[in-house]
Peer 1: 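Just passing along the structure, written as structure tokens.
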Amino acid sequence: MEESIVSEQSSGEHDDPSVLVAARRAKLERLRTELGIEPFGQRVDGIVPLAQARAAFDEAAHAGYQDAVKAAKADPSVRLEDRRAAVTVAGRVVQHRDMGKLVFLWLRDQSGDLQISVSKASVPEAAFTVASMADYGDLLSVTGRVGRTNRGETCVWADGVTMQCKSLEPPPGKWHGLSDDETRYRRRYVDMYANPATVRTFQLRSRIVSAIRRFMEGRGYQEVETPMMQAMAGGAAARPFATHHNALDMQLFMRIAPELYLKRLLVGGLPKVFEINRNFRNEGVDRSHNPEFTAMEAYEAFGDYMTMLETVESLVHAVACDVAGVPEGSKVALPFGDLVIDYAKPFRRVRYEELFREALGFDMEDEARVRSTAKQLHHGGSATKDHWLLVSELFEEKAEALLDPSKPTFVLDYPSAISPLTRPNRNRPMIAERWDLFVAGMEIGPAYTELNDPDIQLAKFTEQIKGADEEESTFRTLDEDFITALRVGMPPAGGMGMGIDRLVMLLSNSQSIRDVILFPLMRSE
RNA sequence: GAUCGCGUAGCUCAGCCGGUAGAGCAAGUGACUUUUAAUCACUAGGUCCUGGGUUCGACUCCCAGCGCGAUCACCA
């Protein structure tokens with residue numbers, strides 16, 4: 001008789017073979033048919049976060065109530081006075097200990113965990129049944145008084161318990177939790193209730209993005225939103241995702257960067273703009289790359305790359321201080337893996353050519369030695385490839401390794417030859433006015449002194465398109481309207497880009513970009 | 001896209017010179033009014049990622065595929 005509920009369910013009406021699911025479905029039916037309880041609830045007003053309920057614990061009220069109970073026991077005519085805080089709370093069941101006539105369970109919400117104690121003697125019978133039958137994963141609301149158990153645990157002593165949503169999926173383990181990364185990313189909603197650290201990371205992410213907005217707005221930047229579906233995907237050297245608009249029968253690309261639109265806004269007269277939003281790049285996936293990622297780009301009229309350097313340095317410092325909870329301008333260091341990263345101002349600055357010389361022992365302009373060293377290091381094409389391409393390869397292999405990963409470092413003044421769209425320095429055209437910020441071996445973002453001569457820009461674009469291979473030329477097209485905009489006239493400007501996901505990785509000590517993106521892209525199962 | 005590693009119960013993991021599997025937790029039934037990974041007794045739970053091959057016999061060996069992770073390439 002007893003076992004029939006489970007076995008019939010598992011073999012029959014629900015074709016899910018899992019006994020765990022069958023047990024939950026059986027409880028659902030019992031709630032409905034035996035107790036007349038609808039296990040998918042209704043609006044509840046006045047719910048306080050569990051942390052707030054915990055904070056409402058009052059030692060004097062607790063002691064007073066205990067004395068009153070004692071007194072009432074000795075003399076039943078004494079009225080029981082209870083000055084403990086009355087609260088309504090709600091959350092997901094994450095622990096359940098049934099002692100027979102006394103049930104302890106733990107609820108979890110975004111603010112934390114709190115124990116609920118349910119005594120058979122002090123709640124209606126149906127409420128006690130709900131508490132006894134509760135499974136890991138169920139959503140309950142509870143009314144009661146904030147007190148303490150004999151073992152010293154702060155809890156809500158329930159006077160009412162309501163099933164608000166019966167969970168019908170088997171939960172992860174209560175002790176080991178959920179540690180399988182694939183399941184964590186695919187079923188983030190489970191990860192979030194099983195691993196409070198996940199929720200904390202995303203709370204931190206929100207806080208960081210919000211601090212960035214505050215900082216930029218504080219400096220007079222205006223936030224804008226520009227197209228994410230573009231007829232031409234410009235502004236970066238990356239492969240775009242292609243899509244199609246049916247009614248217009250039009251090929252569209254998901255944007256790879258907002259740059260060309262933000263610059264149009266400078267033409268239109270906005271002096272300081274920024275955008276925080278998604279870019280989409282049809283490239284590989286790894287620990288620091290997700291096909292859609294959040295970037296900030298910012299442009300400042302009549303600034304240059306050094307204007308942006310000061311902005312980014314102050315921004316990263318300010319946000320790090322916010323995360324660390326220290327005032328701006330303080331010493332601030334945050335852990336990242338085995339490193340402790342020092343976000344105190346000023347960040348290090350090193351010129352590209354100096355770092356190159358330090359790492360390789362000769363000038364980057366020394367073509368003969370560049371070629372012979374490339375050959376020594378077994379780089380392909382050491383005799384045929386462009387000199388500056390080899391410089392760039394040597395730099396990435398030897399020079400970037402010299403950067404102290406625990407010190408945020410600006411690498412300034414890249415060779416113009418490998419920064420074709422950047423404005424060359426007026427006095428030294430070989431050098432492009434560009435920097436890259438490196439932290440913990442990751443590139444956080446570049447900045448440039450922007451080109452505003454339409455003829456030079458057109459020439460550079462044209463050259464870039466000419467150099468495109470067959471596949472690249474399917475999406476690399478000349479944005480003539482952008483050139484027109486430059487002809488109307490764009491003020492000289494500084495521009496920067498910053499990978500928000502990577503910054504969040506650093507500040508939240510997350511080793512994978514997937515840990516800071518709520519729903520990272522996964523292959524279809 | 002390449003190379004390497006991993007895929008066993010709901011979760012976390014053992015296991016096997018080749019003889020069709022085990023633990024803890026979770027689950028079901030029962031006991032228990034102060035538990036903290038509650039405890040005790042009993043019970044149930046598996047396409048050992050998928051498909052081929054070798055073999056008398058494959059979770060184990062081989063091949064292919066799928067998924068995940070790491071490294072590399074592309075990129076930010």
Side-chain angles (χ1 to χ4, degrees), chain A residues 1-7 9-10 16-24 26-27 94-106 113 115-123 128 132-133 135-137 147-155 157 167-187 190-191 194-195 235-240 256-257 279-297 380 396 436-438 442-446 471-472 497-503 505 511-514 520 522-525:
Chain A
M1 179 66 193
E2 287 83 12
E3 69 267 29
S4 65
I5 290 172
V6 166
S7 56
Q9 296 265 355
S10 57
D16 191 320
S18 163
V19 291
L20 299 159
V21 173
R24 281 159 185 264
K27 285 184 183 177
V94 292
Q95 292 277 0
H96 184 245
R97 288 190 269 273
D98 185 342
M99 310 286 299
K101 295 192 178 68
L102 185 62
V103 173
F104 298 103
L105 38 87
W106 282 80
D113 296 354
Q115 180 170 293
I116 308 297
S117 306
V118 189
S119 161
K120 190 174 165 78
S122 45
V123 295
F128 190 73
S132 305
M133 278 169 57
D135 286 316
Y136 186 19
R148 201 176 255 170
T149 65
N150 289 353
R151 301 296 175 96
E153 186 70 45
T154 301
C155 69
W157 281 102
S167 176
L168 295 174
E169 282 287 310
K174 70 170 183 184
W175 178 240
H176 293 285
L178 180 65
S179 61
D180 179 64
D181 286 338
E182 181 172 357
T183 311
R184 289 183 49 231
Y185 301 145
R186 286 188 193 277
R187 307 179 67 194
V190 176
D191 181 33
N195 298 313
R239 274 153 185 56
I256 55 175
N279 291 333
F280 307 85
R281 298 192 181 175
N282 210 337
E283 312 279 358
V285 173
D286 65 28
R287 242 178 14 190
S288 56
H289 297 262
N290 193 62
E292 56 176 311
F293 64 101
T294 302
M296 173 166 83
E297 284 196 18
E396 279 172 27
D436 261 294
L437 173 60
F438 291 89
M442 273 194 294
E443 192 192 346
I444 301 307
E471 190 251 335
E472 201 181 345
M498 197 164 77
I500 301 293
D501 310 286
R502 289 182 180 178
L503 184 66
M505 282 171 68
Q511 300 301 309
S512 168
I513 200 166
R514 289 184 171 147
M522 303 293 275
R523 276 181 216 269
S524 311
E525 275 182 290

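Keep in mind it's a predicted model, so treat the numbers as computed, not measured. Every chain is numbered from 1 and lettered A, B, ... according to where its sequence line falls, protein lines coming before strand lines. Heavy atoms only: backbone and side chains are in, while hydrogens, waters and symmetry mates are out.
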Peer 1: Residues two or more places apart in sequence or in another chain: which of them pass side-chain contact (heavy atoms from CB on, under 4.5 Å) with Ser122(A)?
Peer 2: Ser119(A)

Peer 1: Considering only side-chain heavy atoms of Ser179(A), which listed nucleotide, C13(B), A76(B), U36(B), is closest?
Peer 2: C13(B)

Peer 1: From CZ of Arg148(A) over to P of U36(B), roughly how many Å is that when rounded to an integer?
Peer 2: 17 Å

Peer 1: Heavy atoms only, 4.0 Å cut-off, all strands: where does Gly177(A) land among base, sugar-phosphate and nothing?
Peer 2: sugar-phosphate

Peer 1: Classify the nucleic acid contact of Arg523(A) as base, sugar-phosphate or nothing, counting any heavy atom under 4.0 Å across all strands shown.
Peer 2: sugar-phosphate

Peer 1: Rounded to whole Å, please give me the gap between CG in Asn282(A) and P in A76(B).
Peer 2: 14 Å

Peer 1: Are any of Arg184(A)'s side-chain N or O atoms less than 4.0 Å away from OP1 or OP2 of C68(B)?
Peer 2: no

Peer 1: Heavy atoms only, 4.0 Å cut-off, all strands: where does Asp98(A) land among base, sugar-phosphate and nothing?
Peer 2: base

Peer 1: For the atom pair OG (Ser132(A)) and NZ (Lys27(A)), what is the distance rounded to the nearest 0.5 Å?
Peer 2: 9.5 Å

Peer 1: Could you check how far CH2 of Trp106(A) sits from P of U34(B), rounded to whole Å?
Peer 2: 18 Å

Peer 1: State which of A27(B), C11(B), U34(B) makes the closest approach to the side chain of Asn150(A).
Peer 2: U34(B)

Peer 1: Is the shortest heavy-atom distance from the side chain of Ile444(A) to the side chain of Phe438(A) under 4.5 Å?
Peer 2: no

Peer 1: Would you kindly give the NE2-to-C1' distance between His96(A) and U36(B), to the nearest whole Å?
Peer 2: 14 Å

Peer 1: Out of G45(B), C11(B), G28(B), which has the shortest distance to the side chain of Asp135(A)?
Peer 2: G28(B)

Peer 1: Contact class for Ser288(A) vs. all strands (heavy atom < 4.0 Å): base, sugar-phosphate, or nothing?
Peer 2: base

Peer 1: Please determine, for C61(B), whether a Watson-Crick or G-U wobble partner exists with both distances under 3.5 Å, and give it or none.
Peer 2: G53(B)

Peer 1: What's the closest nucleotide to the side chain of Leu20(A) if the choices are A76(B), A27(B), U33(B)?
Peer 2: A27(B)

Peer 1: Distance check, P atoms only: C25(B) and C59(B), in whole angstrom units.
Peer 2: 29 Å

Peer 1: Rounded to whole angstrom, note down the C1' distance from A37(B) over to G19(B).
Peer 2: 38 Å

Peer 1: Provide the distance between the two P atoms, one in G65(B) and one in C4(B), to the nearest whole Å.
Peer 2: 13 Å

Peer 1: Have a look at Pro446(A) and say if it touches a base, only the backbone sugar-phosphate, or nothing, with a 4.0 Å heavy-atom cut-off.
Peer 2: nothing

Peer 1: With a 4.0 Å cut-off on heavy atoms, is Glu153(A) in touch with a base, just the backbone sugar-phosphate, or nothing at all?
Peer 2: base

Peer 1: Taking the side chain from Arg24(A) and the backbone from Pro170(A), do they hold a donor-acceptor pair closer than 3.5 Å?
Peer 2: no

Peer 1: For nucleotides 72-74 of chain B, which of its nitrogen or oxygen atoms have a protein nitrogen or oxygen under 3.5 Å away, and what is each distance?
Peer 2:
from   : atom 1 : to        : atom 2 : distance (Å)
C74(B) : O2'    : Glu283(A) : OE1    : 3.0
C74(B) : O2     : Gly284(A) : N      : 3.1

Peer 1: Determine the Euclidean distance between corresponding P atoms of U54(B) and C63(B); express it in Å to zero decimal places.
Peer 2: 15 Å

Peer 1: With a 4.5 Å limit on heavy-atom distance, are the side chains of Pro172(A) and Val190(A) in contact?
Peer 2: yes

Peer 1: May I have the distance from Asp191(A) (atom CG) to C11(B) (atom C1'), rounded to whole angstrom?
Peer 2: 13 Å

Peer 1: What distance, rounded to whole Å, do you find between the two C1' atoms, one in U39(B) and one in G24(B)?
Peer 2: 15 Å

Peer 1: When rounded to the nearest 0.5 angstrom, what is the spacing between CG in Asp98(A) and CE in Met133(A)?
Peer 2: 11.5 Å

Peer 1: Determine whether Ile256(A) and Asn279(A) satisfy the following criterion, side chain to side chain contact (heavy atoms under 4.5 Å, CB included), listing intermediate values before the conclusion.
Peer 2: CA-CA 5 Å; Ile256(A) 55 175; Asn279(A) 291 333; 5.8 Å; no

Peer 1: Strictly by Watson-Crick or wobble contacts shorter than 3.5 Å, is anything paired with U39(B), and which nucleotide is it?
Peer 2: A31(B)

Peer 1: Using atom types as modelled and distance alone, determine if a side-chain donor or acceptor of Trp157(A) lies under 3.5 Å from a backbone N or O of Ile116(A).
Peer 2: no

Peer 1: Contact between Met505(A) and Arg287(A) at the side-chain level, heavy atoms closer than 4.5 Å - yes or no?
Peer 2: no

Peer 1: Counting only side-chain heavy atoms from C-beta out, which of A76(B), G28(B), U12(B) sits nearest to Ala23(A)?
Peer 2: G28(B)

Peer 1: Hey, does Ala236(A) reach any base, or is it just sugar-phosphate, or nothing, if we go heavy atoms under 4.0 Å?
Peer 2: nothing

Peer 1: Any strand is fair game: report the nucleotide pairing with C48(B) by Watson-Crick or G-U wobble, both distances under 3.5 Å, or none.
Peer 2: none

Peer 1: What is the distance, rounded to the nearest whole Å, between atom CG of Leu102(A) and atom C1' of U36(B)?
Peer 2: 13 Å

Peer 1: Send over the distance from Met133(A) CE to A27(B) C1', rounded to a whole Å.
Peer 2: 14 Å

Peer 1: Which part of the nucleic acid does Arg502(A) contact within heavy-atom distance under 4.0 Å: base, sugar-phosphate only, or nothing?
Peer 2: base

Peer 1: So, is Lys120(A) near the phosphate of C32(B), with a side-chain N or O under 4.0 Å from OP1 or OP2?
Peer 2: no

Peer 1: Can you tell me, in whole Å, how much space there is between the C1' of U20(B) and that of G28(B)?
Peer 2: 27 Å

Peer 1: At under 4.0 Å between heavy atoms, what does Asn290(A) touch on the DNA or RNA strands: base, sugar-phosphate, or nothing?
Peer 2: base

Peer 1: Just to be sure I understand the rule, does Met522(A) reach a base, reach only the sugar-phosphate, or reach nothing, if contact means heavy atoms closer than 4.0 Å?
Peer 2: sugar-phosphate

Peer 1: Between C25(B), G67(B), C32(B), which nucleotide has the shortest distance from any of its atoms to the side chain of Trp175(A)?
Peer 2: C25(B)

Peer 1: In whole angstrom, give me the gap between the C1' atoms of A76(B) and C6(B).
Peer 2: 29 Å

Peer 1: Checking base pairs now: Watson-Crick or wobble, both atom distances under 3.5 Å. What partners U12(B)?
Peer 2: A23(B)

Peer 1: Does Thr149(A) contact U36(B) through a side-chain donor or acceptor facing the base, at a distance under 3.5 Å?
Peer 2: yes

Peer 1: Testing Gln115(A), Gln95(A), Glu153(A) for side-chain hydrogen bond (donor to acceptor under 3.5 Å, both in side chains) with Trp106(A), which one passes?
Peer 2: Gln115(A)

Peer 1: Under a 3.5 Å cut-off for both contacts, is C4(B) paired Watson-Crick or G-U wobble with anything, and if yes, with which nucleotide?
Peer 2: G69(B)

Peer 1: Counting only side-chain heavy atoms from C-beta out, which of A76(B), G10(B), U36(B) sits nearest to Arg281(A)?
Peer 2: A76(B)

Peer 1: For Tyr185(A), is there any backbone N or O sitting under 3.5 Å from a side-chain donor or acceptor partner on Asp191(A)?
Peer 2: no

Peer 1: Check every atom of A44(B), U12(B), A70(B) against the side chain of His176(A) and return the nucleotide holding the closest atom.
Peer 2: U12(B)

Peer 1: So, under a plain 3.5 Å distance rule, would you say the side chain of Ser119(A) forms a donor-acceptor pair with the base of U33(B)?
Peer 2: yes

Peer 1: To the nearest angstrom, how far is Arg186(A) atom CZ from G7(B) atom P?
Peer 2: 17 Å

Peer 1: Does the structure show Phe293(A) stacking with A76(B), if we require the centres to be closer than 5.5 Å and the planes to be within less than 30 degrees of parallel?
Peer 2: yes

Peer 1: Looking at every strand, decide which applies to Gln95(A) at a 4.0 Å heavy-atom threshold: base, sugar-phosphate, or nothing.
Peer 2: sugar-phosphate

Peer 1: If I pick the C1' atom on G22(B) and the same atom on C62(B), what distance separates them, to the nearest angstrom?
Peer 2: 27 Å

Peer 1: Measure from the side-chain N and O atoms of Arg502(A) to the backbone N and O of Glu443(A), and report whether any donor-acceptor pair falls under 3.5 Å.
Peer 2: yes

